[in-house]
Enquirer: 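One structure, pasted below without further comment.
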Protein chains: 2
Amino acid sequence: MRKNFLFMDTITNKVDTKGRVSLPSDYRTIVKDLSTEIVCYRSLFSPCIEGCTEELLDKLANDIENSLDFFSQTQDTLTNLIFGDAKRFPFDSTGRIMLSEKLLKHASISNTAVFVGKGRKFQIWNPQNWAKEEARLRNEVLKNRPSLKYEGERYD
Amino acid sequence: MRKNFLFMDTITNKVDTKGRVSLPSDYRTIVKDLSTEIVCYRSLFSPCIEGCTEELLDKLANDIENSLDFFSQTQDTLTNLIFGDAKRFPFDSTGRIMLSEKLLKHASISNTAVFVGKGRKFQIWNPQNWAKEEARLRNEVLKNRPSLKYEGERYD
DNA sequence: TCTCAATATATGGTATATCATGGGATTTTT
DNA sequence: AAAAATCCCATGATATACCATATATTGAGA
């Protein structure tokens, strides 16, 4: 897995009538040396779209493949949901992608989309929903400061 | 195993009176440099058709052959069933395949087929059945959030 | 610190290419 | 000879590529 690339910052862009949005240029440069597309899917737990490089999903596919769990049930469930939903979104020379109806609906996005960096991934939110969610998250963190455990290999 | 090919997304295509279906173009490009056919077989656990590249089945055969795994006996049985059922389905210049009666019946497909990406594999469902199955899976995931953790990365 | 020019990025609109699908012609199978 | 499978062409819908304009960001000079 390539290191030193992180989706960061929060950027607000317009969605036109055809569903086109400019992918923030910072995000584009992350992918550029590999390809000209990004992968998006409906978040399983939030009303937003999630995005990442195909590289990340490819790694997931590999790990599953090599775990000798070709027939495992849990793998089955999750791979169905993630790969079944994920789709490549190529961006043209002007840097736009065309989000599908399904994705836009899931995130309640119509005119405006907010890109929120999340490290190896990013999310796309409806502006109002993101404002609320961010407030909620900040509040939660203040209340019970969670530990960022490194031994357990969880960084989220 | 070749990198960077993933069956993704969910695509709905028609099955015409002759039994022809367009293999989604994204799926075709995955196979194109190798061949012009895809392998399909009846899913062992769901009322759907499964598809993959011949390459993947080849890898499966190899893995079983070289496995010292204690449970490989079970894997062996399952593999037998798959190889007994699997068949190559060539697609023509317009990208269509003709699924067999046996497969269509197993998945209860008549007019419409839904292609569901699954990483290195994909599935073909009856539309109603897939809708139900997807709902079920999403529900299950929401109830008891399983972790898809591999070497510190989270994919969900 | 401010202003203005230069550059990069975002957005709107239009032309072009691609894909799914229907139908007919040709070949193969039984 | 009949049935089935394969191939090939035509078409409408839709996504993609491209060009043009607007907006924002950056940097230099005062």
Side-chain angles (χ1 to χ4, degrees), chain A residues 7-33 35-41 49 51 54 85-105 109-117 122 124-125 127, chain B residues 7-33 35-40 49 51 87-105 109-117 122 124-127 130:
Chain A
F7 294 106
M8 291 197 249
D9 204 2
T10 299
I11 287 117
T12 303
N13 281 342
K14 280 193 182 172
V15 183
D16 72 12
T17 46
K18 297 180 194 168
R20 295 184 299 183
V21 213
S22 284
L23 195 68
S25 82
D26 278 5
Y27 290 17
R28 272 180 267 153
T29 44
I30 286 173
V31 199
K32 207 152 45 185
D33 19 309
S35 70
T36 55
E37 54 190 25
I38 202 85
V39 174
C40 293
Y41 54 94
I49 302 166
E54 180 161 352
D85 211 51
K87 181 167 154 47
R88 295 183 196 86
F89 290 90
F91 47 88
D92 58 20
S93 54
T94 61
R96 277 185 292 197
I97 55 175
M98 225 188 88
L99 293 170
S100 66
E101 268 304 315
K102 186 175 75 175
L103 293 181
L104 292 171
K105 193 182 164 193
I109 293 172
S110 52
N111 303 316
T112 313
V114 179
F115 292 79
V116 183
F122 62 89
I124 314 177
W125 285 80
Chain B
F7 294 104
M8 292 197 247
D9 203 2
T10 297
I11 287 120
T12 303
N13 282 342
K14 283 193 180 173
V15 182
D16 71 13
T17 45
K18 298 180 190 172
R20 297 180 299 181
V21 211
S22 285
L23 195 68
S25 82
D26 277 5
Y27 290 17
R28 271 180 268 153
T29 46
I30 287 173
V31 199
K32 205 154 46 186
D33 17 309
S35 71
T36 55
E37 52 190 26
I38 202 86
V39 175
C40 292
I49 302 165
K87 184 169 150 48
R88 297 185 193 86
F89 290 90
F91 47 88
D92 60 22
S93 56
T94 59
R96 280 184 287 201
I97 54 174
M98 235 191 82
L99 294 168
S100 67
E101 267 306 314
K102 184 176 75 176
L103 292 181
L104 291 171
K105 193 183 166 194
I109 293 172
S110 52
N111 302 316
T112 312
V114 179
F115 292 79
V116 183
F122 63 89
I124 314 177
W125 285 79
N126 162 297
W130 170 243

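In what follows, every chain begins at residue 1, and chains take the letters A, B, ... in the order their sequences are listed.
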Enquirer: Any chance you could measure A/S100, atom OG, to B/D9, atom CG, to the nearest 0.5 Å?
Expert: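 Reported to 0.5 Å precision, the distance equals 7.5 Å.
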
Enquirer: Which whole-number value in Å describes the distance from B/R96 CZ to C/dA20 C1'?
Expert: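 Those two atoms, CZ and C1', are 8 Å apart.
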
Enquirer: Do any side-chain nitrogens or oxygens of A/S25 fall under 4.0 Å of OP1 or OP2 in C/dT9?
Expert: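 So the side chain of A/S25 is within the cut-off, an N or O lying under 4.0 Å from OP1 or OP2 of C/dT9.
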
Enquirer: Taking for each residue the nucleotide of DNA chain D bearing the nearest heavy atom, is the 5' side occupied by A/T94 or by A/K87?
Expert: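 It is A/K87, whose closest nucleotide lies nearer the 5' terminus.
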
Enquirer: Using whole Å, report how far CZ of A/R88 lies from C1' of D/dT16.
Expert: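 Rounded to the whole Å, the gap is 16 Å.
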
Enquirer: Any side-chain N or O of A/R28 less than 4.0 Å from the OP1 or OP2 oxygen of C/dA10?
Expert: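 So the side-chain polar atoms of A/R28 do come within 4.0 Å of the phosphate oxygens OP1 or OP2 of C/dA10, strictly under.
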
Enquirer: Starting at atom CG of A/L23, determine the distance to atom P of C/dA10, rounded to an integer number of angstrom.
Expert: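 The distance from CG of A/L23 to P of C/dA10 comes to 9 Å, rounded to the nearest Å.
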
Enquirer: Expressed in angstrom and rounded to an integer, what is the separation of B/D9 atom CG from D/dA15 atom C1'?
Expert: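 Spelled out: CG on B/D9 to C1' on D/dA15 is 13 Å.
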
Enquirer: Select one nucleotide: of C/dT14, C/dT21, C/dA10, the one nearest the side-chain heavy atoms of A/N13.
Expert: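 Between C/dT14, C/dT21, C/dA10, the one nearest the side chain of A/N13 would be C/dA10.
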
Enquirer: With the side chain of B/K18 defined as its heavy atoms from C-beta on, choose the nearest nucleotide among C/dT14, D/dC7, C/dA20.
Expert: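 Ranking C/dT14, D/dC7, C/dA20 by closest atom to the B/K18 side chain puts D/dC7 first.
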
Enquirer: Determine the sole option in A/T10, A/I49, A/N13, A/T12 for which the side chain to side chain contact (heavy atoms under 4.5 Å, CB included) test with A/F115 is passed.
Expert: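 Of A/T10, A/I49, A/N13, A/T12, side chain to side chain contact (heavy atoms under 4.5 Å, CB included) with A/F115 is met by A/N13 alone.
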
Enquirer: Tell me the interatomic distance from A/N111, atom CG, to C/dT11, atom P, rounded to whole angstroms.
Expert: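 Roughly 12 Å, once rounded to whole Å.
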
Enquirer: Base, sugar-phosphate or nothing for B/P90? Non-hydrogen atoms, less than 4.0 Å.
Expert: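 Nothing, no nucleic acid heavy atom in range.
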
Enquirer: Between C/dA20, C/dG13, C/dG22, which one does the side chain of B/R20 approach most closely?
Expert: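 Selected nucleotide (nearest to the side chain): C/dG22.
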
Enquirer: Starting at CD1 of B/I97 and ending at P of D/dA4, how long is that distance when rounded to a whole Å?
Expert: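 Checked: the CD1 to P distance equals 20 Å.
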
Enquirer: For B/K102, look at atom NZ and say whether over 12 heavy atoms of other residues, nucleotides or ligands are found less than 6.0 Å away.
Expert: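 Atom NZ in B/K102 is crowded, with more than 12 foreign heavy atoms closer than 6.0 Å.
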
Enquirer: Just how far, in rounded Å, is P of D/dT16 from CD of A/E37?
Expert: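 Going from CD in A/E37 over to P in D/dT16 covers 10 Å.
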
Enquirer: Quick one: A/D92 CG to C/dT9 P, roughly how many Å, whole number?
Expert: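 Those two atoms, CG and P, are 14 Å apart.
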
Enquirer: Specify the closest pair of heavy atoms between A/G117 and A/F122, including all atoms of both residues, with the distance to one decimal.
Expert: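 Scanning both residues, the minimum pair turns out to be CA-CB, 4.2 Å.
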
Enquirer: On a plain distance test, is the side chain of A/K14 in donor-acceptor contact with the base of C/dT9 below 3.5 Å?
Expert: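 When only heavy-atom distances are counted, A/K14 does not reach the base of C/dT9 through any donor-acceptor pair under 3.5 Å.
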
Enquirer: Knowing that exactly one of A/R96, A/M98, A/R28, A/K32 qualifies, which makes a side chain to side chain contact (heavy atoms under 4.5 Å, CB included) with A/F91?
Expert: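 That would be A/R28.
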
